[in-house]
Every structure is written in C-alpha cells, then in structure tokens.
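For reference, the structure discussed in these notes is given below.
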Amino acid sequence: MAPTALPALEIKSLTKRFGSKTAVADFHLTLPPGAFYGLLGANGAGKTTTMRMIAGLLQADQGSICVYGHRVETDPKAVKAITAWLPDEPLLYDKLTPMEYLEFIAGLWAVEASVAEKRAEELLRWMDLWDERDKRCETFSRGMKQKTALAGALLHDPKLLLLDEPFSGLDAAVARQVKELLVEKTKEGCTIVLTTHVMEIAERLTERVGIFHRGHLLADGSLEELRAKTGRPAANLEDIFIQLVDEASVSSPA
Ligand code: ATP
C-alpha cells in the first residue's frame with residue numbers, strides 16, 4: 001500500500017482570544033499539497049488572526065497547526081523554512097532596490113547565491129519588474145511594492161504560501177499576472193491560503209473556501225458543495241456568502 005502523503009496544512013481546534021473576545025473559535029482545516037484555499041469573512045471575522053497563527057507570528061490559545069508534519073508551536077524553524085507569509089501591507093526596505101531586497105531575503109533564508117540569482121531574475125521578469133530592478137523601492141507605486149514583496153515571499157520556493165489580500169492595490173493586468181503565477185505555483189505543489197474580500201477572485205482562483213463569521217467557520221467546501229449546502233444550485237459565491245453571513249448575524253446578533 002502506498003504511504004499516505006502528509007497534509008500540507010493540518011489545523012485542529014485552533015482558538016484565539018483577545019481579552020473577552022474570541023477572534024478564532026475551534027477552527028479545523030486539512031489541506032493537501034497543491035491546494036488553493038480561500039479564507040473569506042467580513043471585516044473582523046478572524047482571517048488575519050488565523051493566518052498569523054499559521055505563520056507562527058501569533059500564539060494560539062488552544063489547538064495545533066502542522067505544516068507538512070512540523071508543528072508550528074514546537075518546531076517553528078522547520079515551519080518557517082517552508083512557509084511564506086505576505087501581509088496585506090507588506091514591509092519593504094524602501095532604500096533597497098528589488099534586486100537588493102531579494103538578495104537580502106535570500107540571505108535570510110540561506111538560499112544558495114546562484115539559485116537565488118536565477119529565481120530573482122525569473123520572479124522579477126514575471127512581475128514585469130526586471131527593468132526596475134536597480135531602482136529604489138521608495139520610488140515605486142503601491143502595486144509595484146506589492147509585487148516586489150510577493151517576489152520576496154516566493155524566493156525561497158515555499159511549500160505553503162499565506163497571502164493576506166494579495167490583490168489589493170494591483171491593477172487588472174498585474175492582478176492577472178499574479179493570479180497566473182499563483183495557479184502555476186499550486187500546479188508545482190505549493191499550497192496557497194489566501195484571504196480576499198473580492199468574491200470573484202475567490203470563486204475563480206480557489207478550489208475551496210472557508211467562510212468565517214465572528215471567529216466561527218460557517219461553511220467550508222467547493223462552490224458546488226456550498227451550493228448544495230444552501231440549496232441554491234445556480235448561486236455564485238457572493239450570493240452564498242451574503243446568505244450565510246446574514247443568517248448567522250440574525251441567529252447570533254453581535
Ligand atoms: P479584516 O477583513 O478587516 O482584515 P479579519 O477577518 O482579518 O478582518 P482579524 O484581524 O483576524 O479579522 O480580527 C479578528 C478580531 O480580533 C477582530 O475583532 C479584531 O478586533 C480582533 N483583534 C485582532 N488582533 C487583535 C489584537 N492584537 N488585539 C486585540 N484584538 C485583536
């Protein structure tokens with residue numbers, strides 16, 4: 001019998017409270033390698049808190065998170081080596097050029113110089129930043145900075161990519177490029193978890209979504225599964241999202 005592949009991400013009973021407020025309540029998720037998962041929810045639903053816990057930047061109150069079998073709580077170095085986290089407002093060192101920034105990131109991740117150089121060129125070309133590679137990031141537009149940060153996140157070839165609102169600030173053409181790049185990455189086996197408020201993006205890009213509401217997972221599945229769950233075979237993701245969140249708000253008002 002073939003050995004069972006380790007899940008790329010396995011989250012059990014994840015819970016986080018801030019004072020009396022429960023930001024994430026008993027969240028479970030298992031994703032195989034190459035999955036593309038969307039975390040959806042209104043402002044304050046708990047998406048970023050969840051992502052930060054997966055990235056090891058925030059300690060959970062309860063539960064466990066494993067990335068390819070490495071526990072975030074007890075083996076954070078092993079997890080960080082194969083994970084990349086792109087926050088919604090990434091921090092770039094403005095005085096560096098994209099090339100210098102990528103060299104710096106390569107150093108942090110101990111990526112061998114010749115490999116880093118090749119990957120940096122591929123990524124900057126893909127992002128249409130090759131001609132800007134020697135200009136300081138302080139002169140860049142928001143979208144250019146976002147693309148530089150994404151190149152930095154991809155430089156060490158992560159197996160798990162956590163993207164918080166990666167398309168905000170990107171124009172349509174750039175957004176399309178980035179979407180293509182992300183789909184390509186999943187085909188190579190990289191698992192992606194992204195948050196977005198744009199339902200069309202989630203519907204077109206991800207194969208499965210989780211809908212959060214006030215820290216609780218209301219529903220999880222593919223669009224087809226969510227259509228079946230809500231009994232609306234022709235509904236789009238936005239219709240389903242609004243229905244589920246409205247129902248939850250009525251049954252448990254804030
Ligand atoms: P958005 O779509 O607005 O980014 P979100 O779904 O990412 O929202 P979170 O940032 O995870 O939401 O926040 C979930 C809840 O936890 C919110 O009520 C928020 O106020 C609270 N929260 C998040 N971080 C902290 C913190 N450091 N201290 C106190 N409360 C926090």
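Counting starts at 1 for both ligands and their atoms, following the listed order. Just so we're clear, the structure is a prediction, and the values are computed from it rather than from any experiment.
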Heavy-atom nearest neighbour of atom 8 (O) of ligand 1 within options Gly44, Gly41, Ala23, Ala42: Gly44
Ligand 1 atoms in contact with Lys21 (distance to a heavy atom under 4.0 Å): 17 (C), 18 (O)
Salt bridge flag under 4.0 Å for residues Asp75 and Lys80: no
Which residue and heavy atom of the protein sit nearest atom 11 (O) of ligand 1, plus the separation: Thr49 OG1, 2.5 Å
Test: Glu132 and Lys135 ion pair at under 4.0 Å: yes
Thr50 N/O to ligand 1 N/O under 3.5 Å: no
Exercise check, heavy-atom protein proximity under 4.0 Å to atom 20 (O) of ligand 1: no
Asp164 and Lys47 ion-paired at < 4.0 Å: no
Protein contact for atom 25 (C) of ligand 1 (heavy atom, distance under 4.0 Å): yes
Sub-4.0 Å atoms of ligand 1 with respect to non-hydrogen atoms of Asn43: 1 (P), 2 (O), 3 (O), 8 (O)
Heteroatom proximity flag, Gly46 to ligand 1, N/O under 3.5 Å: yes
Test ring pair (Phe, Tyr, Trp, His ring centres under 6.0 Å) applied to Trp130 - qualifying residues, sequence neighbours left out: none
Any N or O of Ala45 closer than 3.5 Å to N or O of ligand 1: yes
Any donor-acceptor pair under 3.5 Å from Glu10 side chain to Pro7 backbone: no
Which residue and heavy atom of the protein sit nearest atom 28 (N) of ligand 1, plus the separation: Phe18 CD2, 3.5 Å
Sub-4.0 Å atoms of ligand 1 with respect to non-hydrogen atoms of His197: 2 (O)
With Phe27 via ring pair (Phe, Tyr, Trp, His ring centres under 6.0 Å) - residues at least two apart: Phe212
Presence of salt bridge, Arg125 and Glu121, under 4.0 angstrom: yes
Donor + acceptor pair across side chains of Glu112, Ser114 (<3.5 Å): yes
Distance from atom 7 (O) of ligand 1 to nearest protein heavy atom, with residue and atom: Thr48 OG1, 2.7 Å
